[in-house]
Amino acid sequence: MALARHCALLMRFVCFTLVITFIESNVPSVIRGADLLPEERSIAEVVDHYISERLKQEKIEAAPSANDANVLRRTTLDLVGRIPTSGETASYLADTDEYKRQNLIDRLIGSPAFVRHQVNEFDALLMPGNKSSLREYLLPAFTENRPWDQMFREMMLGREDDPEQKGALQFVKSRVGDIDRLTNDVSVTFFGVNVSCAQCHDHPDVFEWSQDRFYGMKSFFNRSFENGGFLGERNYGLVSYQTTDGEARKAQLMFLTGTVLEEPEFAEPDDEAKKAEKKKLDELKKQKQAPPAPSFSRREQLVEIALKSGENNYFAKAIVNKVWNRFFGYGLVMPLDQMHPENPSSHPELLEWLARDLVRHKFDLTRLVRGIVSSEAYCRSSIWPGDSRPDPDMFAVGSVRPLTPFQYATLLRVATANPDLLGNDQEAGDTESRLDNLENAARGFAREIEYPGAGFQVSVSEALLFSNNERVRNELLRDSNDMLIGKLKKIDDTNEIVRVATMSIWNRLPDPDEEAALAAYIETRSDRRDEAIGQMVWAMLTCSECRFNY
Amino acid sequence: MSKRRNWFCGSDEHRISRRGFLSTAAATAGSMSALNLLREPTLAAELKKQDKRVILLWLAGGASQLETWDPKPGRPTGGPFAAIPTSVPGIHISELMPKMAQRMEDTAIIRSLNTKDGSHGGGARMMHLGRRDEATVKFPDLGAVLARELGSVDSKVPDNVSFYTATEGRGNAVGQAGFLGARYLPMSLTTNSKPDDLARLESISELDHKQRHDLRELLSNRFIEYRHSDSLRSHNEAYSRVRGLMASDKLFDISEEPQSIRDRYGPSLFAEQCLIARRLAEAGTPFVKVSRAWWDSHGQNFETHLELVSELDHVMSTLLDDLKQRGLLKKTMVITLAEFGRTPKINGSLGRDHFASAWSCSLSGCGINGGMVYGATDEDGQTVKDGEIDAGDLFATIYEALGIDPHTEYYVGSRPIPLVHEEASAVTEVLA
């Protein structure tokens with residue numbers, strides 16, 4: 001008993017920050033709508049206003065904007081998941097239109113590749129490390145820019161008999177075998193709150209309800225089950241649990257904010273009725289049919305409460321924070337799954353404003369993405385020559401972000417293709433289809449690369465793969481005519497070789513000293529010039545500039 | 001043989017310091033990377049763990065404790081094999097291990113594991129991670145933790161190597177770095193005894209391979225200047241280790257060993273991989289796992305064990321001799337472990353089934369109080385009657401023996417995570 005007591009004490013501190021969440025989340029937010037910038041301002045303006053305001057307070061001068069080539073690369077990677085081609089880079093650098101960046105954003109967001117990239121990013125967000133995928137559902141959903149609240153509703157409540165929504169249920173289905181995991185994954189993914197600590201430990205003197213909160217959330221899912229590949233939900237079943245003091249409790253249907261939902265009384269069926277139910281379910285399984293819908297759905301209650309205004313906007317803020325993190329490499333609240341008052345946002349008004357904007361504009365994620373990448377803050381250079389680099393939560397300097405496996409694999413394909421085949425005319429349909437093909441060809445390589453999470457470190461096996469694997473040589477360093485190396489070896493002028501290579505691989509022109517160093521590399525190996533070109537391309541592909549979005 | 005769990009005393013002082021620590025952590029969370037190691041090492045502790053390594057002999061499928069470390073001769077559960085005395089008076093082990101019986105001085109047997117999970121998947125995960133899986137934290141396995149704790153950042157040798165050439169149960173033997181990150185993933189050898197991508201392709205000359213590597217470094221260094229990020233740094237670190245690791249290619253080549261040594265180990269794949277493990281340990285690799293499958297003897301348990309235990313006895317004793325002769329045993333721990341043991345009850349197919357309630361493992365060498373048995377099962381081996389421990393306690397013991405404080409905390413997001421689960425503590429009797 002003494003041991004259990006020590007344990008409980010210890011866990012209190014482990015869960016300290018989490019627990020505070022639940023106390024304070026009952027307190028109304030201190031930021032009121034009237035204190036925020038007006039609704040009609042543009043997202044980009046508002047982002048820059050709040051970011052600059054804090055920089056001013058802290059007396060930090062932000063890094064200048066990155067140069068055009070850098071902004072083009074960053075935006076293209078972020079919006080369509082690949083690097084720009086030589087042709088796109090050249091025409092962007094030559095473009096003198098004062099709205100060229102806005103035009104770029106419009107062009108990229110309007111392209112089919114934007115949808116594909118959104119699908120990749122959201123599949124990774126929703127199904128991290130999961131073998132199953134939501135792609136089948138996400139593709140049509142992002143094609144029509146379906147509102148995020150509707151997608152959430154479909155993921156929780158999709159109807160099995162609706163072919164469009166059926167795929168959405170994969171989110172729940174792939175987790176329904178482990179209700180604790182489902183509970184936590186829903187909380188983390190859609191509300192930015194990690195409730196796992198509260199699963200095991202109760203703190204009877206002060207924080208006795210922390211477990212109530214976890215089991216309250218669990219109650220939304222405990223009646224869900226799978227039957228022959230179909231998702232069903234029962235009308236009965238309670239969650240009971242034991243506090244660390246050994247008291248047995250029945251959980252209430254309780255949302256993260258502490259709000260308890262009333263529900264109709266139910267009669268627990270007797271053994272006979274349960275047997276009949278089992279028989280019916282077995283029959284439905286044989287007939288490959290979905291179980292009947294419940295008369296009262298707890299999952300539906302979760303959707304209603306989560307989307308109700310006044311419930312602290314967990315739902316809107318969590319997605320704003322995640323989208324922000326994707327484009328800035330750092331959330332407005334960090335860690336992403338610790339969105340609670342004890343762990344305040346670096347820019348609370350900005351988060352509040354963006355969440356309000358999202359709600360007012362029908363959860364339009366494309367609007368949010370467009371607004372964020374249109375800001376000046378998004379375009380800052382990642383170079384900081386001074387001594388004390390500002391903390392990442394100041395957003396004073398551009399971030400350096402590891403590419404996702406798919407981005408890197410696609411980059412390698414686009415960078416090593418013969419640039420002549422990708423065309424100079426960015427509107428050309430066949431260029432788009434060639435890029436599609438390269439993107440498809442990238443899937444194989446993407447499987448060799450690890451998905452970056454928080455604190456991501458590149459593994460030595462990746463470096464070994466690129467250094468010594470035959471596949472790299474065969475797929476990326478071939479000197480056939482369809483490949484970059486095939487083109488380069490036909491160029492006589494060494495400096496021209498370097499310029500074509502840097503435009504293809506680095507999406508910019510070389511600095512004079514880079515050009516000199518690379519040209520010297522090739523010239524000192526004039527006895528094996530073609531091979532030297534291959535080695536140079538390898539070095540450029542594997543250097544850090546290529547591995548990161550910067 | 002009581003087990004003391006005294007690392008958290010429950011006193012106000014302790015509580016306050018933890019509270020202070022957590023609030024500081026919360027306050028600075030914004031400026032910390034998501035994963036941070038919080039510790040203030042004393043110099044002594046740091047020195048203590050220098051130069052330590054571990055070779056884990058993973059008996060995949062679940063070796064029988066009754067035919068190895070905890071025989072019950074003459075009991076209905078005992079099976080046909082006798083127990084034999086060992087070089088340490090009072091300790092008896094299965095007659096299938098006559099060579100190990102002559103070398104008990106450096107080995108501690110633990111006979112009191114109760115790990116509760118009798119499934120291959122769950123059991124193997126638990127015995128790799130030292131605790132139960134948790135939905136939201138991806139824990140690092142023993143190899144990844146040791147690579148991080150015992151390895152050096154710029155090591156020229158791999159710091160986590162895992163052999164698993166059999167196909168049975170390979171998926172269960174997790175090699176996961178979890179929140180520590182891919183830097184600590186094992187170099188995984190599944191098809192042969194040489195790692196992938198370690199040897200230079202013939203299509204590129206040694207000179208060009210080196211020079212393009214230098215060119216890459218030059219370009220990356222230009223890029224990295226004025227751009228700071230841990231991920232970015234890890235990219236260059238990974239590449240900077242490539243050439244060194246390639247030089248370690250020969251460590252995997254046992255033809256570099258004198259024939260007499262190779263003969264001593266014998267010709268089996270398990271023996272050859274253990275010899276490679278010794279070569280790696282000698283070169284400074286902190287963790288090598290050599291997996292031998294497949295011990296899952298639901299039928300014909302005794303024939304299976306006659307073959308597998310005899311091999312284990314020979315190879316393990318050769319390995320310990322070899323390490324000892326080279327003066328390496330003092331800094332190298334050799335562990336035998338599986339996902340669970342096997343049932344005392346002999347089934348209708350003369351087999352033994354999965355059994356996690358009372359089973360055994362062994363620890364030899366570095367930091368271990370050899371020549372002793374810890375814990376005991378009842379006369380039929382059905383339950384632990386003395387010194388029961390779980391996976392966390394075992395891991396705490398291993399860490400402690402290596403000079404690593406098992407309650408060192410990693411910091412993931414805002415959550416401190418000790419190396420072993422909160423209730424675990426080392427078995428001090430086993431420690432030298």
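Predicted model, so just to flag it, every value in this text is computed and none were measured. Proteins come first, then strands; the chains are lettered A, B, ... in the order of their sequence lines, and each starts at number 1.
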### Query
Do B/Gln211 and A/Arg525 have side-chain N/O donor and acceptor atoms under 3.5 Å apart?
yes

### Task
Please determine, among A/Phe456, A/Phe548, A/Trp538, the option with the most heavy-atom pairs under 4.5 Å with chain B.
A/Trp538

### Query
Side chain, backbone, both or neither: which part of A/Phe466 has a heavy atom under 4.5 Å from chain B?
both

### Query
Which residue out of A/Pro402, A/Gly386, A/Gly534, A/Ser467 racks up the most heavy-atom pairs below 4.5 Å with chain B?
A/Ser467

### Message
Tell me if the NZ atom of B/Lys210 is crowded by more than 12 foreign heavy atoms within 6.0 Å.
### Response
no

### Query
Contact part of B/Phe223 toward chain A, heavy-atom cut-off under 4.5 Å: side chain, backbone, both or neither?
side chain

### Message
Only pairs of heavy atoms separated by less than 4.5 Å count here; which of A/Ala539, A/Ser544, A/Ser459 has the most with chain B?
### Response
A/Ser544

### Query
Any side-chain donor-acceptor pair under 3.5 Å between A/Asn468 and B/Asp196?
no

### Message
Pairing donors with acceptors under 3.5 angstrom, does anything connect the side chains of B/Tyr239 and B/Glu217?
### Response
no

### Contact leader toward chain B among A/Arg528, A/Glu462, A/Glu450, where contacts are heavy-atom pairs under 4.5 Å
A/Arg528

### Query
Tell me, side chain or backbone of A/Trp384 under 4.5 Å from chain B's heavy atoms, or both, or neither?
both

### Query
Given a strict heavy-atom distance threshold of 4.5 Å, which part of B/Ala177 is in contact with chain A: side chain, backbone, both, or neither?
neither

### Message
Testing the 3.5 Å rule here: is there a donor-acceptor pair between the side chains of A/Arg74 and A/Asn549?
### Response
no

### Interchain contact, A/Asp511 with chain B, by part (heavy-atom threshold 4.5 Å)
side chain

#### Entry: Side-chain donor-acceptor contact under 3.5 Å, B/Gln176 with B/Arg125
yes

### Task
Heavy-atom distances under 4.5 Å only: say whether B/Ser229 touches chain A with side chain, backbone, both or neither.
side chain

### Message
Less than 4.5 Å to any heavy atom of chain A: does that hold for the side chain of B/Arg243, its backbone, both, or neither?
### Response
neither

### Task
Using non-hydrogen atoms and a 4.5 Å limit, figure out which bit of B/Leu198 sits close to chain A: side chain, backbone, both or neither.
both

### Task
For each of A/Ser381, A/Ser399, A/Pro385, A/Cys546, tally heavy-atom pairs with chain B at distances under 4.5 Å, and name the one with the top tally.
A/Pro385

### Query
Are a donor atom and an acceptor atom from the side chains of B/His421 and B/Asp390 found within less than 3.5 Å of each other?
yes

### Query
Where does B/Leu215 contact chain A at under 4.5 Å (heavy atoms): side chain, backbone, both or neither?
both

### Qualifying residues under ring-ring contact (aromatic ring centres under 6.0 Å, His included), relative to A/Phe328, sequence neighbours excluded
A/Trp324, A/Phe395

### Task
Side chain from CB out, backbone as N, CA, C, O: work out which of these in B/Ser188 comes under 4.5 Å of a heavy atom of chain A, or both, or neither.
neither

### Task
Sort A/Leu518 into side chain, backbone, both or neither according to what part of it lies under 4.5 angstrom from a heavy atom of chain B.
side chain

### Donor on one side chain, acceptor on other, B/Arg216 and A/Thr542, under 3.5 Å
no

### Message
Are more than 12 heavy atoms, taken from residues, nucleotides or ligands other than A/Arg389, located less than 6.0 Å from that residue's CZ atom?
### Response
yes

